[in-house]
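Data block below; observations after.
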Number of protein chains: 2
Amino acid sequence: MAKTRKSIKEQAHAHRGQIPKGARKEEIIRAAAKLFSQKSYHDVTMDDIAEKVGVAKGTIYLYFDSKENLYLEIMEETYEEIESILERETAKSDPAPLKLKKVLGLIFKFYLQNLDVLRILSRDETHLIREHYEFTEHWRLRRIKLYEKILEKGINEGSFRPFKTELTALIIFGLVRSVMFYYKSEKSAESIAEEVFSMISEGILAPGYEKAEAARM
Amino acid sequence: MAKTRKSIKEQAHAHRGQIPKGARKEEIIRAAAKLFSQKSYHDVTMDDIAEKVGVAKGTIYLYFDSKENLYLEIMEETYEEIESILERETAKSDPAPLKLKKVLGLIFKFYLQNLDVLRILSRDETHLIREHYEFTEHWRLRRIKLYEKILEKGINEGSFRPFKTELTALIIFGLVRSVMFYYKSEKSAESIAEEVFSMISEGILAPGYEKAEAARM
DNA sequence: CGTGTTGTACTGACTAGTCAGTCATTCGAT
DNA sequence: ATCGAATGACTGACTAGTCAGTACAACACG
């Protein structure tokens with residue numbers, strides 16, 4: 001169709017100068033991440049994102065195949081980053097309790113620095129799209145495996161008592177998420193990690209009130 | 001517009017007879033709950049729900065003002081039920097540890113019986129609609145308050161060591177959610193509660209490996 | 001130097017499809 | 001015959017994705 005698409009405005013404003021190199025893509029990711037963290041996937045339109053970046057909608061499609069793809073790329077980027085930080089830490093040969101504490105610290109620190117994206121990543125929107133579901137599941141499983149490794153190491157070392165690492169890893173995973181999201185505090189990542197670690201390691205029971213007593217309830 | 005809406009089919013099938021009284025509404029809620037638990041809010045259409053119930057879409061609007069409203073009513077119903085069960089339990093004068101264990105048991109039991117709706121309720125779709133956000137926040141806060149009460153009681157009784165109840169309640173909240181969702185097990189609600197309670201109360205550290213050691217890490 | 005050509009980043013009006021909600025009509029029980 | 005319950009075709013608003021066209025820079029050539 002050879003229709004002229006010129007509008008009333010007739011080339012209203014001059015083009016903004018081109019942005020460096022791959023900066024556009026990064027710009028779009030940042031803006032989209034912010035929006036996705038504020039509203040749900042479906043409530044963020046491609047027009048919203050375009051407006052926030054200050055480009056036309058078509059531009060976004062020069063860098064991403066689809067909305068789903070953009071969403072997935074945001075998650076992937078962040079995921080890779082935190083996971084590599086964590087795996088670098090666990091590769092060290094610290095004793096298990098210290099290792100766990102450090103990992104918690106790194107997670108809380110990363111979270112504090114990446115509130116927006118983490119909020120998306122941890123969202124339980126397991127039904128959005130198939131890829132998203134698979135992605136978050138993969139991520140969850142990998143994190144839980146990481147915890148399990150540390151726990152197993154601790155049990156072997158004798159620093160942790162013997163328990164089912166599967167359930168315990170799940171517990172740690174869930175509790176970390178909850179603290180990340182809902183714990184309002186001015187404290188540093190390290191001191192939050194410290195507090196959380198202390199609860200995980202010692203439990204809630206008073207030393208006087210011992211297992212024997214609790215067991216026959 | 002006084003246009004005739006008759007289609008080619010021309011009254012294809014006979015109407016199903018009317019259903020008892022308020023049974024229709026309950027039917028719709030159940031069908032919708034099932035669908036919402038399988039797909040996200042936006043991916044479930046009113047046509048889907050109508051089809052699943054076996055009525056026309058218009059019928060749903062005889063019982064609910066809007067899709068949002070239907071969604072909210074599902075949540076409200078379930079929420080009221082579990083919360084009243086929990087509050088009946090906490091009103092008893094059991095010692096705190098037993099009380100906590102019982103509450104965990106009831107939550108897991110209720111969850112096992114109401115997988116569909118709980119999956120919706122605990123979903124972190126905090127941005128769907130304003131009412132939904134307020135609703136889930138209200139629910140979370142109330143549950144956390146419930147944990148806090150039990151924890152405070154335990155500290156006063158001397159059965160729990162003194163810790164920050166706010167953070168600990170948040171931890172329990174998160175860990176329960178995680179276990180509910182992801183713990184694949186054939187065990188009964190009681191025995192899951194037992195396992196979880198044991199982790200919460202005793203922690204992960206081996207008795208030999210004591211605080212002193214952990215503290216100077 | 002001016003003029004033409006090419007490459008590319010970008011634009012935004014438009015298309016095609018979706019879906020919540022409506023309402024004129026029909027059903028069926030009394 | 002009457003009337004409330006139920007129907008489902010239709011509407012209107014919305015949005016992901018498209019693509020013909022624009023702007024501009026860089027280089028080429030006479």
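Chain A is the first sequence line, chain B the second, and so forth, proteins listed ahead of strands; every chain is numbered from 1.
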Next on the checklist: Applying the salt bridge (charged side-chain N to carboxylate O under 4.0 Å, His left out) criterion to Arg143(A), which one of Glu148(A), Glu87(A), Glu83(A) satisfies it?
Outcome noted: Glu83(A)

Item to check | Residues forming a side-chain contact (heavy atoms from CB on, under 4.5 Å) with Leu35(B), sequence neighbours excluded | outcome: Gln38(B), Val44(B), Asp48(B), Ile49(B), Lys52(B)

Item to check | Counterpart residues, side-chain contact (heavy atoms from CB on, under 4.5 Å), relative to Val117(A) (two or more places apart) | outcome: Ala33(A), Ile74(A), Thr78(A)

Integer-rounded Å distance: [N] [atom2] and [X] [atom1]:
| X | N | atom1 | atom2 | value |
| --- | --- | --- | --- | --- |
| Ile28(A) | dA9(C) | CD1 | P | 12 Å |
| Lys25(B) | dA5(D) | NZ | P | 14 Å |
| Ile60(A) | dC19(D) | CD1 | P | 18 Å |
| Ile49(B) | dG21(C) | CD1 | P | 11 Å |
| Glu51(B) | dT7(D) | CD | C1' | 15 Å |

Checklist entry - Are any non-hydrogen side-chain atoms of Trp139(B) and Glu76(B) less than 4.5 angstrom apart? => result no

Checklist entry - Looking at the rings of Tyr147(B) and Phe173(B), which for Trp means the six-membered one, are their centres under 6.0 Å apart? => result no

Item to check | Relative orientation of the end axes in the helix from dC1(C)-dG30(D) to dT30(C)-dA1(D), expressed as an angle to the nearest 10° (five pairs per end) | outcome: 20°

Item to check | Residues which pass side chain to side chain donor-acceptor pair (under 3.5 Å) with Lys92(B), listed by chain and number, not counting sequence neighbours | outcome: Glu89(B)

Checklist outcome for this item: Hits for side chain to side chain donor-acceptor pair (under 3.5 Å) against Lys164(B), two or more places apart or cross-chain, chain-then-number order -> Tyr183(A), Glu195(A)

Checklist entry - Would one find a side-chain N or O of Thr59(A) under 4.0 angstrom from OP1 or OP2 of dA9(C)? => result no

Item to check | Under 4.0 angstrom between Arg24(B) side-chain N/O and dA5(D) OP1 or OP2 | outcome: no

Item to check | Out of dA6(D), dT7(D), dC10(C), whichever nucleotide has its closest atom nearest the side chain of Tyr63(B) | outcome: dA6(D)

Checklist entry - Can Arg24(A) and Glu27(A) be counted as an ion pair, charged N to O under 4.0 angstrom? => result yes

Next on the checklist: When you measure from the centre of the six-membered ring of Phe64(A), is the NZ or CZ of Lys25(A) closer than 6.0 Å and no more than 45° off the axis?
Outcome noted: yes

Might you list the N or O atoms of the protein lying below 3.5 Å from N or O atoms in nucleotides 14-17 of chain D, with each pair's distance?
{"residue": "dA16(D)", "atom": "OP1", "partner": "Lys67(A)", "partner atom": "NZ", "Å": "3.1"}
{"residue": "dA16(D)", "atom": "OP2", "partner": "Met46(A)", "partner atom": "N", "Å": "2.8"}
{"residue": "dA16(D)", "atom": "N7", "partner": "Lys57(A)", "partner atom": "NZ", "Å": "3.1"}
{"residue": "dG17(D)", "atom": "OP2", "partner": "Tyr61(A)", "partner atom": "OH", "Å": "2.9"}
{"residue": "dG17(D)", "atom": "OP2", "partner": "Lys67(A)", "partner atom": "N", "Å": "2.8"}
{"residue": "dG17(D)", "atom": "N7", "partner": "Lys57(A)", "partner atom": "NZ", "Å": "2.9"}
{"residue": "dG17(D)", "atom": "O6", "partner": "Lys57(A)", "partner atom": "NZ", "Å": "2.7"}

